[in-house]
Amino acid sequence: QVQLVESGGGLVEAGGSLSLSCAASGSIFRPNIMGWYRQAPGKQRELVAGITSGGIASYADSVKGRFTISRDNAKNMAFLQMSSLKPEDTAVYYCKIYMNIIAREYWGQGTQVTVSS
């Protein structure tokens with residue numbers, strides 16, 4: 001019923017920039033939280049950034065000052081602008097939505113981001 005589709009992943013050189021998009025479809029209710037997570041090979045999935053439907057954003061310490069999360073509630077989309085990319089940012093990036101009223105979360109399929117050194 002709810003689907004999330006990420007786009008924008010790819011290969012980028014260290015120090016470069018990349019923008020990710022997440023399009024949510026289906027029955028999207030507010031309030032909700034949309035977030036970006038990432039998982040590198042052999043590592044635990046971690047929260048990168050989250051943003052509430054009210055526009056309150058939070059970031060992992062590792063990306064503060066480099067990444068910016070935003071959203072367009074009218075389009076049910078979330079974005080992640082990444083700059084000053086580092087090789088350690090290499091991971092599969094996943095979009096998630098958590099809808100508070102129904103206490104349910106849904107995940108996208110992930111998009112690969114590779115930062116060359």
Side-chain angles (χ1 to χ4, degrees):
Q1 288 184 308
V2 175
Q3 289 188 325
L4 303 176
V5 180
E6 302 98 333
S7 62
L11 176 65
V12 64
E13 62 187 7
S17 299
L18 200 64
S19 294
L20 305 181
S21 298
C22 173
S25 62
S27 300
I28 308 301
F29 299 98
R30 294 196 285 269
N32 63 62
I33 302 170
M34 297 188 74
W36 290 95
Y37 294 71
R38 67 187 182 187
Q39 187 167 25
K43 292 188 176 181
Q44 190 173 351
R45 187 174 299 187
E46 64 175 347
L47 173 67
V48 175
I51 185 167
T52 71
S53 47
I56 306 300
S58 60
Y59 300 89
D61 288 341
S62 60
V63 306
K64 285 182 179 177
R66 299 189 299 120
F67 291 10
T68 300
I69 188 171
S70 61
R71 62 185 292 163
D72 185 334
N73 288 339
K75 297 181 179 180
N76 290 323
M77 295 188 69
F79 309 91
L80 187 68
Q81 175 64 49
M82 304 181 291
S83 61
S84 301
L85 283 162
K86 306 173 181 179
E88 52 261 44
D89 294 319
T90 295
V92 177
Y93 283 69
Y94 298 90
C95 180
K96 186 196 80 173
I97 186 168
Y98 175 77
M99 288 181 276
N100 307 62
I101 296 299
I102 60 174
R104 295 284 189 275
E105 65 180 33
Y106 299 89
W107 292 83
Q109 81 287 351
T111 185
Q112 176 71 46
V113 173
T114 302
V115 183
S116 64
S117 59

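Note that this is a predicted model, so its numbers are computed, not measured.
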- Query: For E105, does the CD atom sit with more than 12 other heavy atoms under 6.0 Å from it, leaving out its own atoms?
  - Reply: yes
- What distance separates T68 OG1 from F79 CZ, expressed to the nearest 0.5 Å? 13.0 Å
- Query: What is the distance from atom CZ of R71 to atom CG of N32, rounded to the nearest 0.5 Å?
  - Reply: 4.5 Å
- Task: Please report the closest heavy-atom contact between Q109 and L4, naming both atoms and the distance.
- Result: OE1-O, 3.4 Å
- Message: With clusters defined by side-chain heavy atoms of hydrophobic residues (ILVMFWY) lying less than 4.5 Å apart, directly or transitively, does I28 cluster with M77?
- Response: no
- Item | Under 3.5 Å: donor-acceptor pair, side chain of T111, backbone of Y93 | no
- Hey, is CD on E46 packed in by over 12 heavy atoms from elsewhere, all under 6.0 Å? yes
- Query: Can any side-chain N or O of T114 pair as donor or acceptor with the backbone N or O of L11 at less than 3.5 Å?
  - Reply: no
- Rounded distance (nearest 0.5 Å) linking atom SG of C22 with atom NZ of K75: 14.0 Å
- Message: Tell me if the CZ atom of R45 is crowded by more than 12 foreign heavy atoms within 6.0 Å.
- Response: yes
- Is there a side-chain contact between M82 and V113, using heavy atoms and a 4.5 Å cut-off? yes
- Item | Gap separating the CD1 atom of I97 from the CG atom of N76, nearest 0.5 angstrom | 6.5 Å
- Message: Taking the ring of W36 and the ring of F67, is the distance between their centroids below 6.0 Å?
- Response: no
- Query: Does the side chain of S19 pick up a donor-acceptor pair with the side chain of Q81 at under 3.5 Å?
  - Reply: yes
- Transitive ILVMFWY side-chain link Y37 to M34, under 4.5 Å: no
- Linked, directly or transitively: Y94 and V63 (ILVMFWY side chains, under 4.5 Å): no
- SB check K64 D61 (cutoff 4.0 Å): yes
- Note on the structure: OG1 of T52 to CG of N73, rounded to nearest 0.5 Å, is 8.5 Å
